[in-house]
There are 2 protein chains.
Amino acid sequence: MRTKRQSSETIPTNQNPVEKSSAPLYRQLAETLQLHMESGKIAPNEPLPAERDLAISFKVSRDTVRKAIRLLEERGVLYSDHGRGTFAAPAAVRQMSRFLDSFSEDTLKRGGTPGQKILSMENVAANMAIASLLHVEAHVPLMRIRRLRLMDDAVVGLQDSYLHLPQGARLERKELERAGSLYRLLIDKFSIEPSESLESVGAIAASADDALLLGVGPGTPLLVCERVMLSDRREPIEYCEMKYVPSYRYKTRINKWSNG
Amino acid sequence: MRTKRQSSETIPTNQNPVEKSSAPLYRQLAETLQLHMESGKIAPNEPLPAERDLAISFKVSRDTVRKAIRLLEERGVLYSDHGRGTFAAPAAVRQMSRFLDSFSEDTLKRGGTPGQKILSMENVAANMAIASLLHVEAHVPLMRIRRLRLMDDAVVGLQDSYLHLPQGARLERKELERAGSLYRLLIDKFSIEPSESLESVGAIAASADDALLLGVGPGTPLLVCERVMLSDRREPIEYCEMKYVPSYRYKTRINKWSNG
DNA sequence: TAGTGGTCTAGACCACCCC
DNA sequence: GGGTGGTCTAGACCACTAG
């Protein structure tokens, strides 16, 4: 009999070791592990089996196990400590995404129903400030989209996007209404893959216009978030300013000391 | 002569391949690569040498090169595209941390001088709300620290921390004043290593008290950030509420689609 | 089709934590 | 001392991109 640390249970190895789709092994393994932990089999801060044991159970190399663990660590599902072991993360951590989701995703994750009301879509000439952010010449045509964002039919935010689309690209109001998500549309229609965004968050008083649209009093404190979105080629694609009513909050999880 | 893609230049391999300290090889390599890129030898969006070539140049395995690249990718220094290559990131990305820094670090990074004025340090009994967040019984003694945060001698924020310290731990005002950073003190004095934090960001109107302390008018919109900080054992250590004047902004970089 | 990054393996040794 | 995660290697093959 092995004299090693007992982890709560062995994880069922699914007969055929891992496979189900053609996704990389380590992703399939991560999926399996995550499901196993979400089903509550391993209590928060309780250890998983050791990496070497997982490798044997699932008939993969230890390196593949480690890749799966790194992925779940990013998702906040578990964490590893040198010399101690790998542990299930507390629920509070697991529930919080490390990445700011799109409005739609974020709302869904909160258990709400996302919605939008398109206020306007028009072609405008870039002013100097926005041209500089998007790395284009001033007066280049941009598509400006103004939207109200709804959560469970209540107005929570106001988005003002400036898109730098490829030459001749056209975007219809109907398409956006149908897609629901602007980024979904960029991917599907133009093969533009958002990869990274630079954000700046602050507080601002609602202008008369803002107040009217958001249904709050003028001067109400709003959460304002500016974003420059980059494509996979790191070209600036979109500048967006978002204003949210005080009841709306950004939530995020941060690894404090990940940097070397 | 090799007929492969030309990267702008080969990277000087530092005679003795990499070593200088006893840090892991991949970290040393990352450091070398980062310095080389920050010196502007590779223009934004220009390719680095291929992983296999870097491995040969630096006399390390390809896997070690890949680990260094992953690290620099997290720091926003470069990015890799499957089948295309590895590229220097645009300056705008490189400058933005993916991790919310502590106030001191953040201020330094912006080129400012961080400061603090301790308003009060006292032992208080946990109320139900805070007890619940910190996973302690109500009425457990906590240390409450209220501080003004300064940037270049100007008041920009108000922090209100509740610390759950180990039994009998004592914290003197002088120590905190000397250390400058609360987290630095936790590490050095109590071996408490902050590892992760859960944050919630919103907007709020300045109360009369807030306004007085921050030197703004009552009702001024403030950026408010609540945080629960976890130790390396994932025990909640601190609850902190931070309020910032409108001129102060959080900046961060987000990998939009890192999740699977 | 050639070159690139992405995945996977099997094994070795080191660094750390705890009994 | 014995178990754990962390680093490192050398080599193989796959998947994607581009000329």
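In what follows, chains carry the letters A, B, and so on, assigned in the order in which the sequence lines appear, proteins first and then strands, with residues in each chain numbered from 1. Heavy-atom basis, side chains included; hydrogens, waters and symmetry copies ignored.
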Rounded distance in Å - CG (A/Leu54) to C1' (C/dA10): 17 Å
Compute whether any side-chain donor of one residue and acceptor of the other, for A/Thr64 and A/Ser61, lie under 3.5 angstrom apart. yes
Within this structure, what is the CG-to-P distance between B/Leu78 and C/dT4, rounded to whole angstrom? 16 Å
Among side-chain atoms of B/Tyr250 and A/Glu199, is any donor-acceptor pair under 3.5 angstrom? no
Return the polar atom pairs (N/O with N/O) between nucleotides 15-18 of chain C and the protein under 3.5 Å, or none.
{"unit_1": "C/dA15", "atom_1": "N3", "unit_2": "A/His82", "atom_2": "NE2", "d": "2.9"}
{"unit_1": "C/dC18", "atom_1": "OP1", "unit_2": "B/Arg233", "atom_2": "NH2", "d": "3.0"}

With nearest nucleotides of DNA chain C determined for A/Asp63 and B/Arg62 from heavy-atom distances, which residue corresponds to the more 5′ nucleotide? B/Arg62
Can you find a side-chain donor-acceptor pair between B/Ser197 and A/Arg253 that sits under 3.5 Å? no
In terms of heavy-atom contacts, B/Ser181 and B/Ser104 come closest through CB-OG, 4.3 Å
Are B/Thr86 and C/dG5 close enough that a side-chain N or O sits under 4.0 Å from OP1 or OP2? yes
Nearest whole angstrom, please: distance from the C1' of C/dG5 to the CD of B/Glu73. 11 Å
Tell me every residue that passes side-chain contact (heavy atoms from CB on, under 4.5 Å) with B/Glu172, counting only those two or more places apart in sequence or in another chain. B/Arg170, B/Glu175
Measuring only between side-chain heavy atoms, which start at C-beta, is A/Leu142 closer than 4.5 Å to A/Leu163? no
Separation of A/Leu71 atom CG from C/dC8 atom C1', in whole Å? 16 Å
Below the 4.0 Å mark, does D/dC8 have OP1 or OP2 next to a side-chain nitrogen or oxygen of B/Tyr26? no
Separation of atom CD in B/Glu51 from atom P in D/dT9, rounded to whole Å: 14 Å
Going through the checks in order, is the salt bridge (charged side-chain N to carboxylate O under 4.0 Å, His left out) test met by A/Asp188 and A/Arg184? CA-CA 6 Å; A/Asp188 295 341; A/Arg184 193 70 258 157; 3.4 Å; yes
Represent DNA chain D in dot-bracket notation, 5' to 3'. Only Watson-Crick or G-U wobble pairs with both distances under 3.5 Å count; pseudoknot-style crossings use [ ] and interstrand partners use |. ||||||||||||||||||.
Can B/Leu198 and B/Arg227 be said to form a side-chain contact (heavy atoms from CB on, under 4.5 Å), step by step? CA-CA 6 Å; B/Leu198 310 176; B/Arg227 161 196 296 164; over 6 Å; no
Whichever of A/Asp81 and B/Arg52 has the more 5' nearest nucleotide on DNA chain D, that residue is A/Asp81
Nearest to the B/Ser61 side chain among D/dT7, D/dT9, C/dG6, which nucleotide is it? D/dT9
Kindly indicate whether the side chain of A/Arg233, heavy atoms from C-beta on, has any atom under 4.5 Å from the side chain of B/Asn45. no
Can you tell me if A/Thr64 touches the phosphate of C/dT9, counting only side-chain N or O atoms and a distance under 4.0 Å to OP1 or OP2? yes
Cut-off 3.5 Å, side chains only: do A/Tyr162 and A/Glu238 have a donor facing an acceptor? no
What's the CG-P distance between B/Asp53 and C/dA2, to the nearest Å? 17 Å
B/Lys59 atom NZ is separated from D/dC8 atom P, nearest whole Å, by 17 Å
Report the residue (A/Val65 or B/Arg66) whose heavy-atom-nearest nucleotide on DNA chain C is the more 5′ of the two. B/Arg66
Once you round it to whole Å, what is the distance between C1' of D/dA15 and CG of A/Leu25? 15 Å
